[in-house]
2 protein chains.
Amino acid sequence: MAEPKERPVTLRYIADELGLHVSTVSRVLNGRADARGRAASGDTADRIRRLAAELGYQPDPHGAGLRTGRSGLVGVLVPRLSDLVLATIYEGVDEAAAERGITTITAGTLDDDPTRRHRTRMLLARRVDGLVFGDARLDDAFLDELAADGVRFVLANRRSGEHPSVTPDDALGGRLAARHLLDLGHTRVAVIAGEPYASTGADRTAGFLAHCRERGVDVPPDSVVHSSFDTAGGRAAAERLLAGPHRPTAIFAVNDFAAIGALGAARDHGLRVGADLAVMGYNDTPLAAELPIPLTSVAVPMHEIGRRALEMLAVLLRGRSAESERLTPELRPRASTSGDPGTTGRAGSLAD
Amino acid sequence: MAEPKERPVTLRYIADELGLHVSTVSRVLNGRADARGRAASGDTADRIRRLAAELGYQPDPHGAGLRTGRSGLVGVLVPRLSDLVLATIYEGVDEAAAERGITTITAGTLDDDPTRRHRTRMLLARRVDGLVFGDARLDDAFLDELAADGVRFVLANRRSGEHPSVTPDDALGGRLAARHLLDLGHTRVAVIAGEPYASTGADRTAGFLAHCRERGVDVPPDSVVHSSFDTAGGRAAAERLLAGPHRPTAIFAVNDFAAIGALGAARDHGLRVGADLAVMGYNDTPLAAELPIPLTSVAVPMHEIGRRALEMLAVLLRGRSAESERLTPELRPRASTSGDPGTTGRAGSLAD
DNA sequence: ACGTTTGGGCCAAACGTTTGGGTTACTATG
DNA sequence: CATAGTAACCCAAACGTTTGGCCCAAACGT
């Protein structure tokens, strides 16, 4: 099985074996579809392909990349790889990439400017063909610099300026959330708004507030608090809201994990979620439906966002330009806002 | 600033600019530490480094890889990138990799043999120097084949056969869980054991059962049920346990997400978690402490597992061999087993 | 019969790097 | 004063691919 010579299987090897020239083999195996036909007769082409398959030939990306200047690599930058939302988006990116024979490299930036610049440099040093940013900021000098340098990239999930992006329609999502809560009769509503530099939180909040205004419901400024996008941040924010002067009857968190944190804070205050306090999240994480008290959320096609982002990048890499896309979110009402505790009434009784 | 010629900054460019030979520049900039000294005088070395820095020279990995046969890339295979546990391990891998100037490429395998073979082929076609598998199976023909082919790899989180691995000491973790529940007075205990092909679930379960046996507590076979590692799986498994003939007073799930599913099932059955039914998980996911009812769990240094796995791979790539490592887990008792609703999220002390 | 096209290949250069050997010009040594 | 030693470089050959040209023979058109 294993040859004693252990000769690596390269184009030249195949060519020598068949008495052909390496360029002929190259065109048949890796050439562009139009050049493939006139490179060799159907017969020789078959012999080449057969031997290549038998030997398990795989083109060496170093050789190819050196010659073409392309690497077939794209970099994906996200705040954290352990953030479920971004991880799911990344899965979409990677899936679409694999379909195109391109490989993704991901890097975590912690939403921190120096590390993200550093990580981007590393990716560029690897000669990636393009980038997907999942951590764009509303005001993002770095992205502007990159664009000026001619680096090709698209934004996923968060938008920034006029850079091409694929995001949920967050303003609409915010409105859906507001409508849901106001339809339930709430008038004292509050928002856990996420980080101010992220378009996601900002747009969701803006949409929510706009709808409230249209319905004549006043949301005092101190009922909109910023937070990190994780449970700890959500808990702290909810704590502030519940201890403040305008204790709300309903809280909209722009992120499911922040909402889960709010759930904990509610429990600490002896409030029954769904009955005493409505809480809803955003993104419809798989966890949301499975929580002991299922969480109302706004579903966003995260996987699809990733896919589209990569497809858009692929278009850019072909030299064409692309339009930003907004994907439509959907409300998923559940027990955490309905007051319906489900099959039993005991859910909140632990706090008694 | 930007040259009109737009000449890419390469070794040759720097060499020409300085009137030196490209090999001299190479040795100074990228050469091994010992060769670096005798390559050029301290003075020329400085000139080289200064110009390189000024031009922002970055070695082209295609050229280097072509010559050396090394790519500085390692592949990381995990069941899913959106699984928090594996994502965290991956963060550890990537962190340690970045420190060594090596880049990771990750791929999701869905715990499915054909896709994982396919993804591995793709990574190998990219000429990765080595691999980290986060999805090993107890009986894993594919890994044996790879090892026979001389592919360098290490296993993370799950072990398999004699292949070098970095895992938690899962048998010990299972014992810690059992001791905790038995110390609380439970005698009717059950296990949600995860997938049978994963060493994690199997070893945790085995450790748990061994401790029970030593303490004279009988666990009937139908009180050990398999499940997927996610919430839905945990919920279904708990459902079966609670509907079965030996309704347990305590459930040990080998994974936090499965435990969260069990929480939901408990609520559906009108059981108060912590009081009527004790539930505990494993891995001490950040979420565990922040849940409305904080979840008892067994903490595992996931990030560290990732780091060590990559370090071990680095050793292998240097041609040396390495011993498998087991990292020590720690119990984190919380309200979901104590019935005490207070002190949420506080890290428990490991008192005997 | 002769010029032209075309099918089927071959040729060679180039991409950027590494690395085992020179080749100088000094300097220290005996 | 040779001679060995060394510091500081230079040389050249790869590594595997791609791609614009080139070439030859056979087929074709007139």
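Being a predicted model, the structure only gives us computed values, none of them experimental. The sequence lines fix the lettering, A, B, ..., with proteins before strands; numbering per chain opens at 1.
- Atom-to-atom, CZ of A:R32 to P of D:dT17 comes out at 19 Å; the value is rounded to the nearest Å.
- Taking atom CD1 of B:I48 as the reference point, atom C1' of D:dC9 lies 10 Å away to the nearest angstrom.
- Look at CG on B:D16: it is 11 Å from P on D:dC10, rounded to the nearest Å.
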Shorter than 3.5 Å, N or O on both sides, protein versus nucleotides 6-14 of chain C: list them out with atom names.
| unit_1 | atom_1 | unit_2 | atom_2 | d |
| --- | --- | --- | --- | --- |
| C:dG9 | OP2 | A:S41 | N | 2.5 |
| C:dG9 | OP2 | A:S41 | OG | 3.3 |
| C:dG9 | OP2 | A:T44 | OG1 | 2.6 |
| C:dC10 | OP2 | A:H21 | N | 2.8 |
| C:dC10 | OP2 | A:T24 | OG1 | 2.7 |
| C:dC10 | N4 | A:R27 | NH2 | 3.2 |
| C:dC11 | N4 | A:S23 | OG | 2.9 |

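- Across every non-hydrogen atom of B:L317 and B:D129, the tightest pair is CD2-O, 3.1 Å.
- A:T115 places a side-chain N or O within donor-acceptor distance of the main-chain N or O of A:T109, the cut-off being under 3.5 Å.
- Counting heavy atoms of neighbouring residues, nucleotides and ligands inside a 6.0 Å radius, atom CZ of A:R70 does not exceed 12 of them.
- The backbone N or O of B:V76 sits less than 3.5 Å from a side-chain atom of B:T106, completing a donor-acceptor pair.
- With sequence neighbours excluded, the residues that form a side chain to side chain contact (heavy atoms under 4.5 Å, CB included) with A:R80 are A:S82, A:D83, A:L110, B:E91.
- With no hydrogens or angles considered, no side-chain donor-acceptor pair links B:S160 and B:R137 at under 3.5 Å.
- Distance alone, capped at 3.5 Å, places no donor-acceptor pair between the A:R158 side chain and the A:A198 backbone.
- Contacts with DNA chain D (heavy atom under 4.0 Å) in residues 55-63 of chain B: none are found.
- When the C1' atom of D:dG16 is taken as reference, atom CZ of B:R70 falls 17 Å away, rounded to whole Å.
- One finds no side-chain N or O of A:T68 lying less than 4.0 angstrom from the OP1 or OP2 phosphate oxygen of D:dT17.
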- Note on the structure: Base-pair string, DNA chain D, Watson-Crick plus G-U, cut-off 3.5 Å on both distances, | for inter-strand, is ||||||||||||||||||||||||||||||
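- With sequence neighbours excluded, the residues satisfying side chain to side chain contact (heavy atoms under 4.5 Å, CB included) with B:L66 are A:H62, A:L66.
- The distance from atom CZ of A:R12 to atom C1' of D:dC15 is 9 Å, rounded to the nearest whole Å.
- Taking every side-chain heavy atom of A:L66 into account, C:dC15 is the closest of D:dT19, D:dT17, C:dC15.
- The aromatic rings of A:H163 and A:F153 sit tilted relative to each other, their planes meeting at an angle between 30° and 60°.
- At the heavy-atom level, B:S26 lies under 4.0 Å from base atoms of the strands shown.
- Atom CG of B:D43 and atom C1' of D:dA7 are 14 Å apart (whole Å).
- Remark: the backbone N or O of A:T44 is paired with a side-chain donor or acceptor of A:S41 at under 3.5 angstrom.
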Name every donor-acceptor pair, under 3.5 Å, that has one atom in a side chain of residues 117-126 of chain A and the other anywhere in the protein, sequence neighbours excluded.
| unit_1 | atom_1 | unit_2 | atom_2 | d |
| --- | --- | --- | --- | --- |
| A:R117 | NE | A:D113 | OD2 | 2.9 |
| A:R117 | NH1 | A:E145 | OE1 | 3.1 |
| A:R117 | NH2 | A:E145 | OE2 | 3.3 |
| A:R119 | NH2 | B:D94 | OD2 | 2.3 |
| A:T120 | OG1 | A:R116 | O | 2.6 |
| A:R126 | NE | B:T103 | OG1 | 2.9 |
| A:R126 | NH1 | B:S71 | O | 2.8 |
| A:R126 | NH2 | B:S71 | O | 3.3 |
| A:R126 | NH2 | B:G72 | O | 2.9 |

